[in-house]
Amino acid sequence: MNVFRFLGDLSHLVAIVILLLKIWKTRSCSGISGRSQILFAIVFTTRYLDLFSNFISVYNTSMKIVYITCSYATVYLIYGKFKATYDFNHDTFRIEFLLVPSAILAFLVNHDFSPLEILWTFSIYLESVAILPQLFLVSKTGEAETITSHYLFALGSYRLLYLLNWLWRYFSQGFYDLIALLSGILQTVLYCDFFYLYISKVLKGKKLSLPA
Amino acid sequence: GYMTGSHDEL
């Protein structure tokens, strides 16, 4: 464990908690893509199937449980409790265009052709594009609530910090994982324009609005 | 080298 990976996990946890609290406190999921949250729940489910079979550390197991619990709770709040506030008119990104290619690619490009490994690879590919419905929703509505932009900033930072973690692990212990690395680069690149808007607008106290 | 088997990252 190095500082980049720890900060990455922390940033990821903060993002997940910010979103859950935003929906719970405001009793509204306006501006949030339920489809992205479904994809994240699928990512965690397919990645952490070894939760009980492969103990790494208390930290690892407890974080996996928190991620899975929070992601399902968020999906429940969006499609269950606060579905009246769900923006189904704008949350229309076709997630099958993300699920099917990720699944096919996971069968073709993986480290080991075993069920757990293929599911892990699928979760890595899917995670790299899982934010697209959310970014699509923000582009359609043309703006995002400030709390939502903080959520996206924390979520985008997590994988950027993981890229630094992989750089660190490569130079310190010769470790590299091309599948996770290339997916992580794609995932982070998707946030670039958002990062620019966040830093140039939100940090100056303005609302995040996309150029119409 | 490549990481196979158990993945130790979240």
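Scope of the values below: all heavy atoms of this structure, side chains included, with no hydrogens, waters or symmetry mates.
- Side-chain N/O atoms of A:N60 and B:E9 include no donor and acceptor closer than 3.5 Å.
- There is no contact between A:F44 and chain B, counting heavy-atom distances below 4.5 Å.
- When all heavy atoms are compared, the tightest approach of B:L10 to A:K64 is CD2-CG, 3.6 Å.
- Sorted by first and then second residue, the salt bridge (charged side-chain N to carboxylate O under 4.0 Å, His left out) pairs involving residues 9-21 of chain A (not counting sequence neighbours) form an empty list.
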Where do B:D8 and A:R5 land on the side-chain contact (heavy atoms from CB on, under 4.5 Å) test, with the steps shown first? CA-CA 11 Å; B:D8 66 347; A:R5 189 168 131 205; 4.1 Å; yes

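- For A:F82, there are no ring pair (Phe, Tyr, Trp, His ring centres under 6.0 Å) partners, not counting sequence neighbours.
- Contacts between A:Y48 and chain B at a heavy-atom distance below 4.5 Å involve the side chain alone, from C-beta outward.
- From A:E117, atom CD reaches atom NE2 of B:H7 across 3.5 Å, with rounding to the nearest 0.5 Å.
- Heavy atoms of A:N110 lying under 4.5 Å from chain B are absent altogether.
- At most 12 heavy atoms of other shown residues, nucleotides or ligands fall within 6.0 angstrom of atom CZ in A:F6.
- Atom OH of A:Y59 sits in a crowded spot, with more than 12 heavy atoms from other residues, nucleotides or ligands closer than 6.0 Å.
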